[in-house]
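Comments concern the structure below.
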Amino acid sequence: MPPWLFVLLAVSFVLYTDDYVIAGILPEIAADLGVTEGQAGQLVTAFSATVAVAAPVAAVALARVPPRRLFLVALIIFALANFGAVGTSSFAVLMVLRVVAAAATASATPAIFAFAASHAPTEKTGRYLATVSLGVTGSIALGVPLGTWIGGAFGWRATFLAVAVAGMLALIGVLLTVPGSGRGDRSPRLSEQLRSLTRAPIAVSLAANCLLMAGTMMVLTYLAPYLSATAGSGVEERGVAFGLSGFAGMAGIWLGGQVADRWGPGRALFFGIGVIIAAMVAMWAMWAVRPVPIWLVLIVTTVWGGMAFWNSPAIQMRLHRLAGPLAGQALALNTSGTYLGIAFGAAVGGAVLTETGPGVLPLTAAGFGLVALFLLELVRRSPPAGRARDTDVTPPAGEASHGSKSSNHGDQSHHRNSSKHTENTGE
């Protein structure tokens, strides 16, 4: 695999760590800036909301910007925002800086995945996407614990300083390895983009990802009370559960990419969602017969943690093929849907926990998975005419000059991509 792919993995690791690490240093931020922990928690809300809103807007507005230039400018703004956080003593200023960092993240993240997919050999698209996606799970398993430790040992400002320095190192990596691509994509008019991006297969894929993320975050956010109620676990057991789930997620996202290449994204998604539903039912059954041994709960939650991230490369691969030249915009909407799913899942999970207790959370998450599965199956069985329209996808601009997708064989490449799309996604 090319060096630039691992640099993009590092970029995604840094960007997602910056998002998640706030949770680990909230008490220190609140105490130092004279606000409550609840108010400090709004830093996370502001970041997530900004990414959700800004990602699709930036994808359209910056579609013609060469990816390499976009990565460089975004990382410079990102690093400056985090350097600024080191020196501020105002919570309001810190909030503004978090919004600026989130805007930089929103502009770069979808472009990273689109760049990796469009520059991947046809038979390795899933693996390239999975490699970049390792930055997401890696930030949870490694970035957040490391950032939390730095904050505890040297103060919360040191955490922002470490993230800023990491952003500058990622910037150097982009300068040294990521190839320039001349101009950005020649995107269609906005009306044509909206018409293409709202087609049923794309819209359903986006909705399915949002539902799956909502179900995942519903359980992950309130996993601690579930473990306590089901197995009587303490702090140490909960730490083990979260750690195992994080590392299982890293393995799951990598295996999911490889399987998506071999089976096609459609079959990979159906398998991944099916296992998640089974794991959720098993978690509900264990709660129903509680107490159960902690080792049994850990086995199921680890499998669930791995499969929760298994679907990410397949969803992205599916959207990349369906959207064609609008892959960047589609992946931006997917990023937005992911953050909306996180917020929605946490909100619904909190209501379920309050009204019924932790045992119903897995069943509710399983219901979200079933709806996602139903939607994907509904589109897969769409009438032949719709399928013909769905497969009529022009390869992204980056693919036109890459390997077997040479522009000298445009018609043949288009036919191969359309045929492969039909075979692998079942649209």
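- Tested against R98, the residues D19, N82, V44, V93 include a single side-chain contact (heavy atoms from CB on, under 4.5 Å) partner, N82.
- In this structure the side chain of Q316 never reaches within 4.5 angstrom of the side chain of Y128, judged on heavy atoms.
- Side-chain contact between E123 and D261 is absent, with no heavy atoms from C-beta onward closer than 4.5 Å.
- Residues M217 and L220 have side chains in contact (heavy-atom distance under 4.5 Å, counting atoms from C-beta outward).
- Listed for the Y226 side chain is a donor-acceptor partner under 3.5 Å among the backbone atoms of M283.
- Counting heavy atoms from C-beta on, the side chains of P362 and W304 never come closer than 4.5 Å.
- Closest of all the heavy-atom pairs between A111 and S107 is CB-O, 4.0 Å.
- Side-chain N/O atoms of N209 and T338 include a donor and acceptor closer than 3.5 Å.
- Two residues are said to be in side-chain contact when any heavy atoms from C-beta on lie closer than 4.5 Å; V11 and T109 fail this criterion.
- Under a 3.5 Å cut-off, the side chain of R127 and the backbone N or O of G257 do not form any donor-acceptor pair.
- With contacts defined as side-chain heavy-atom distances shorter than 4.5 Å, the pair E37/P27 qualifies.
- Formation of a donor-acceptor pair under 3.5 Å by the T356 side chain with backbone atoms of L353 is not found in this model.
- Using cut-offs of 30° and 60° for the angle between ring planes, the F271 and W263 rings count as perpendicular.
- Side-chain atoms of S118 come within 3.5 Å of backbone atoms of F115 as a donor-acceptor pair (strictly under, hydrogens ignored).
- The neighbour count for W284 CH2, taken as heavy atoms of other residues, nucleotides or ligands under 6.0 Å away, does not exceed 12.
- Considering only residues two or more places apart in sequence or on other chains, A268 meets the side-chain contact (heavy atoms from CB on, under 4.5 Å) condition with V259, A260, W310, A314.
- F6 places a side-chain heavy atom less than 4.5 Å from the side chain of T131.
- Here the straight-line distance linking atom CD1 of I29 with atom CZ of R157 works out to 9.5 Å at 0.5 Å rounding.
- Taking CG from L75 and CG from L80, the interatomic distance works out to 11.0 Å, rounded to the nearest 0.5 Å.
- Residues F344 and F368 form a side-chain contact, since some pair of their non-hydrogen atoms from C-beta on lies under 4.5 Å apart.
- Closest heavy-atom contact between A162 and I150: CB-CD1, 4.0 Å.
- By the 6.0 Å contact criterion, CZ on F13 is enclosed, its count of non-hydrogen atoms from other residues, nucleotides or ligands being greater than 12.
- A distance-only check finds no donor-acceptor pair linking the side chain of Q258 to the backbone of L255 [under 3.5 Å].
- With values rounded to the nearest 0.5 angstrom, M218 atom CE is found 9.5 Å from T216 atom OG1.
- At least one donor-acceptor pair under 3.5 Å links the side chain of S139 to the backbone N or O of V136.
- No donor-acceptor distance shorter than 3.5 angstrom exists from the side chain of S336 to the backbone of P56, with no hydrogens or angles considered.
- To the nearest 0.5 Å, atom CG of residue L223 and atom OG of residue S245 are 6.5 Å apart.
- Taking all atoms of both residues into account, the shortest heavy-atom contact from W156 to E28 is CD1-O, 3.7 Å.
- Proximity of a side-chain donor or acceptor of T335 to a complementary backbone N or O of A55 within less than 3.5 Å is not detected.
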